[in-house]
Every structure is written in structure tokens, then in C-alpha cells.
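One structure is given here, and the rest of the page talks about it.
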2 protein chains.
Amino acid sequence: MQSPAPTRGDIRRAAILEAATEVFMELGYAGASIDRIVQLAGGSKGTVYRHFGCKADLFAEIITALVARMTAPIEHQRPDTADTTQELAATLTRFGQTYLDVLVQPQSLALYRMVMAEGVNFPDLARVFYARGPGQVVMQLADYLGALRGWDSLATPEAEVMAREFLSLVRSDLHLKALLGVEIPSAAQRALTVKRAVALFLAQYQPVPGATAAK
Amino acid sequence: MQSPAPTRGDIRRAAILEAATEVFMELGYAGASIDRIVQLAGGSKGTVYRHFGCKADLFAEIITALVARMTAPIEHQRPDTADTTQELAATLTRFGQTYLDVLVQPQSLALYRMVMAEGVNFPDLARVFYARGPGQVVMQLADYLGALRGWDSLATPEAEVMAREFLSLVRSDLHLKALLGVEIPSAAQRALTVKRAVALFLAQYQPVPGATAAK
DNA sequence: CTGATACCGTACCGTACAGTACCGATTCAA
DNA sequence: TTGAATCGGTACTGTACGGTACGGTATCAG
């Protein structure tokens, strides 16, 4: 499990990745220059190309790493399917809160902007981003909701649709405003938005057996 | 009301705007080149700079025009505040449908991508985009819902919050997927999403006087 | 210790781009 | 008709960038 002593190459590679991540996030793919990355990472231009081949490949590697980094805290907060129905509101709140908090972090916003701007030129990368990022979150929540649904009768669509609806409510337009740089929502705003999302969601979907279905 | 005969300058200006709009939408601000625009519009590079000063100003003018063009069909579908409560579901469906249809059009997607990518470099433009675009749509729907709410008792938050929640449900993740180029939703998918958004919204917010409030 | 390999620094190539300059042709107002 | 302003075409400047080449130096395996 221990790393087998990082070689000199590993060290250079890591330094370049770190510097490139910062530069890409600040300036985007088109705006970033290799020279700027080298200046920040130290070392030489040739080393960058020996390790990563070309600018596009370096970019791709950074994006995939960033997606994993972004999804990690949400995955860690993944609702346990053993959670009982009584805890549904709390579970949704916790999950939604983590999701929204991560989403409006500067790094997440920069990542979204990059992938959207360059998605046309890197279609494969955009697909990977969705599948391992937002799509992954949907599936996690859907798994939880699906297990809950088999638990008792619930006049609802597929769990995946429910998950999408809930996450859409959580995002609200806070994500859009943040992406545009119009307004970074405060913690209080985020908490309130999550709270309202949970309320609206539970008004429609009430898995507790004793409750009367809406119709 | 009649235009006072377009001069030669007006014609050139319009041609440049049209060409620049196409090039910017296809390649983004950074990717687009003035030479490419001139090549498409015909004429000369000097004419572009005489009319618009610099690339950034040309870009700004195009973005503001595009926002207006994008919002127009939604504004046209603006729900009349005279609509009765009985028509609420139909009104929401019609409004949401128009909103979502516009949102996933290629031109809208290109516009969103441009503003998000360059929002850091053009913060004023990003604010204008939000205020006259998505923000405007929220306000229109909020006006309608607000008028309805005064109409009868309704245990709800501000109309603006309700409008945001509804529009978030309509966008779902279809907008995100389309922005990333992962998947352009079909008309059937869009219609279904709107239908479900209306259902979920009405499960929580029922303005008809005879209905029992949720709590 | 020795050879091979990775690294640094820098100079360099080709290209692309924003913006300017200039000239001849065209348009348009007076 | 005449003078001014605009336009087209093109050549040009300066700059920035991706990527390569190369010589000298440090690192590391055998």
C-alpha cells in the first residue's frame, strides 16, 4: 500500500500537474500557455512535453483528475441504503448540502467552465466529465432512493428521475449564477435552498407507509 | 415606424454583425478571429474596426443582441396575470415548455458557453446576460405567480423563490447535458420533463381555494 | 565507476492573431 | 459636379504561442 519511493520523474511530473491545474483553472484551456505553466512549476519546457506529449493530453489528464477530486466528498457522503425511511429528510438534506457546497467552490466552477468551453473540441472528455461527475451523483442518489422504494409502495417514476429532480432543485439557479460570476451564494443561502428542495421533494414523494398518497 | 432607408454603412454593419455572430457562436470569443469574420462577411478588416472599435466591443454588442433574441419567444409566452387559477397547470406547462425548448437550441447553448467561458474577463457582460436572460424569465414567472397568490391564501415563500424552483425543475439536468454536448434532449424528453416539473410543483403549491393546504 | 537517461536553460521555428497603415475605388451629400 | 467620407484589399507590425532542437548538467542503474 506504500508508494514505492517517488523517483525524480514522479516529482517533476507532480509539480507540472499542480502548476498546470492552477493555470488551467485560472485561464482556461485556450488562455493558458505552456510557458506560464513551466514558469510556475519550475524546470523546463522539454520536460513537460516528454511527460505529457502535448497540451491537449496534459489538459485531459488534469480534467479527469479534477473530476475525481470534485466527486470524492460527495461519494464519501453517499447515503447508505440501510438508512431507514424515517431518516429520509435528514439524509436528503445532508447529501444535497454536500452536493451544493462542492458545486459552488471556485475549483468546481472553474472545472465546469473549462469543460463547457472546450466540450466542443474535447467531446470524449465532456462525456467522461458528466459520467464521473454529475451523472455519478445522480446514480448514487438514485440507488439510495430505489432501495427505499422497494421498501414500501410509492407512486413514483424511476428512482433516477426522482434523483434528477431533487438535484435540480438543490442546484436551483445558484449554480448558474455562480458559473456566470454573478453571485457566489452564501452558506445561509445554500442551506435555505437545500431545505426548500427537501420540503418540495417530500411533498410529492412520501415513502412512509402510513402517509396518504397525494392521489 | 419605418426604418429611414439603410445607408451603406448600416448594410456593412449588419453583415459584419451577422458573420461575427456565427463565428463567435461556433468558436467562442478566444477561438474566433477577426480575419475569419471578415472572410465570411466580405469586405475589409478596417471596416470592422471603424464600426466596432475592437474585438471585445464587437463581442459585447453581439452578446447583448443574442440575449434579447433568446428571451424574446419566452417573453412572448409570458403568462397573463389575468389567467385564472384553474388554468395554472396549463399556463405553467406552456411557459415551461417554451423555456426549455429555447434553452436547448444550439444558439442558446452557444451563448451560454460563451458567457460562461468569458464571464471572468467580461464581468459586466455576464451580469447583463443574467439580468436580461435567465433572471428576466424568473421575474416574469414570479410576477404571474405573485398575482395569483394575492388571489387566494397560499402557504408559500416569495413568488420569486417559487419561480426559481419551478424553472430549476424544468431545466433538470437536460440543460447541463446539452451544454456539455453529452446529449441534446428530444422533444419527447423535454415534454415529459416539463410535465413532471408541473406535477411536482403543484403537489406542493396548490392555489385553488378549496384544496387543503399541506400543513 | 560508467554509461544511459532525464533534466534544465534557452534559443529557435512556424504559425496565428489583433490591430494599423495606406491606396485606389466607391459612395454620398451639398 | 465636386469634395469628403467610407469602403475594399492588402501589406505590415508586434506579439504570443505550441512545439522542437540542442548542449551542458545532474541523476541513477548496473
Side-chain angles (χ1 to χ4, degrees), chain A residues 2-63 113-114 117-118 120-122 125, chain B residues 2-63 113-114 117-118 120-122 125:
Chain A
Q2 70 176 2
S3 304
T7 71
R8 183 173 58 148
D10 294 338
I11 294 174
R12 292 318 299 141
R13 190 185 165 89
I16 294 169
L17 276 176
E18 187 182 357
T21 300
E22 186 173 330
V23 174
F24 276 135
M25 290 212 296
E26 184 184 347
L27 304 172
Y29 176 74
S33 75
I34 301 291
D35 287 305
R36 181 90 185 75
I37 292 170
V38 170
Q39 178 187 339
L40 193 65
S44 166
K45 216 171 172 180
T47 306
V48 173
Y49 282 95
R50 198 176 317 109
H51 274 287
F52 299 98
C54 66
K55 189 186 180 186
D57 290 355
L58 174 59
F59 181 67
E61 185 155 338
I62 285 179
I63 293 297
R113 290 194 196 105
M114 276 192 287
E118 301 297 332
V120 180
N121 306 108
F122 298 84
L125 208 54
Chain B
Q2 69 175 3
S3 306
T7 71
R8 183 173 56 149
D10 295 337
I11 294 174
R12 292 318 299 142
R13 191 184 166 88
I16 293 169
L17 276 177
E18 188 182 356
T21 300
E22 186 174 330
V23 174
F24 276 134
M25 289 211 297
E26 185 185 346
L27 304 172
Y29 176 75
S33 75
I34 302 291
D35 287 305
R36 181 87 185 77
I37 292 170
V38 170
Q39 178 188 340
L40 193 66
S44 165
K45 213 171 174 179
T47 307
V48 173
Y49 281 95
R50 199 176 314 111
H51 276 286
F52 299 97
C54 65
K55 188 187 180 184
D57 289 356
L58 174 59
F59 181 66
E61 186 155 336
I62 285 180
I63 293 297
R113 290 193 196 105
M114 276 191 289
E118 300 296 332
V120 180
N121 307 108
F122 298 85
L125 207 55

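The analysis underlying the following values was restricted to heavy atoms, covering all of them including side chains, and did not include hydrogens, waters or symmetry mates. Every chain is numbered from 1, with letters handed out A, B, ... down the list of sequences.
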Polar atoms only, N or O, under 3.5 Å: list the protein pairs with nucleotides 24-30 of chain D and their distances.
none

message: If I compare all heavy atoms of A/Ala32 with all of A/Leu27, which pair ends up nearest, and what's the gap?
response: N-CB, 3.9 Å
- line: Closest non-hydrogen atoms of B/Ala19 and B/Ile37, given as atom of the first, atom of the second and distance, are CB-O, 3.8 Å
message: Rounded to whole Å, please give me the gap between CD1 in B/Ile11 and C1' in D/dG8.
response: 15 Å
- request: Give me the first and last nucleotide of DNA chain C, going 5' to 3', that has any atom under 4.0 Å from a heavy atom of chain B.
  value: C/dC17 to C/dC28
Reported [atom1]-to-[atom2] distance for the pair [X] and [Y], which is rounded to 0.5 angstrom:
X       : Y       : atom1 : atom2 : value
B/Ile16 : B/Leu58 : CD1   : CG    : 8.0 Å
B/Glu22 : B/Ile62 : CD    : CD1   : 11.0 Å
A/Glu18 : A/Thr21 : CD    : OG1   : 7.5 Å
A/Thr7  : A/Arg12 : OG1   : CZ    : 11.5 Å

Got a list of side-chain donor-acceptor pairs under 3.5 Å for residues 39-50 of chain B, not counting sequence neighbours?
{"residue": "B/Ser44", "atom": "OG", "partner": "B/Gly46", "partner atom": "N", "Å": "3.3"}
{"residue": "B/Lys45", "atom": "NZ", "partner": "B/Asp35", "partner atom": "OD1", "Å": "3.3"}

- prompt: What residues form a side-chain hydrogen bond (donor to acceptor under 3.5 Å, both in side chains) with A/Glu61, not counting sequence neighbours?
  reply: A/Arg13
task: Identify, residue by residue, the members of residues 24-51 of chain A with a heavy atom below 4.0 Å from DNA chain C, and return them in order of residue number, or none.
output: A/Gly43, A/Ser44, A/Thr47, A/Arg50, A/His51
message: I want to check something: taking the side chain as every heavy atom from C-beta on, are A/Met114 and A/Ile63 in contact at a cut-off of under 4.5 Å?
response: yes
field: All ring-ring contact (aromatic ring centres under 6.0 Å, His included) counterparts of B/Phe59, not counting sequence neighbours
entry: B/Phe24, B/Tyr29, B/Phe122
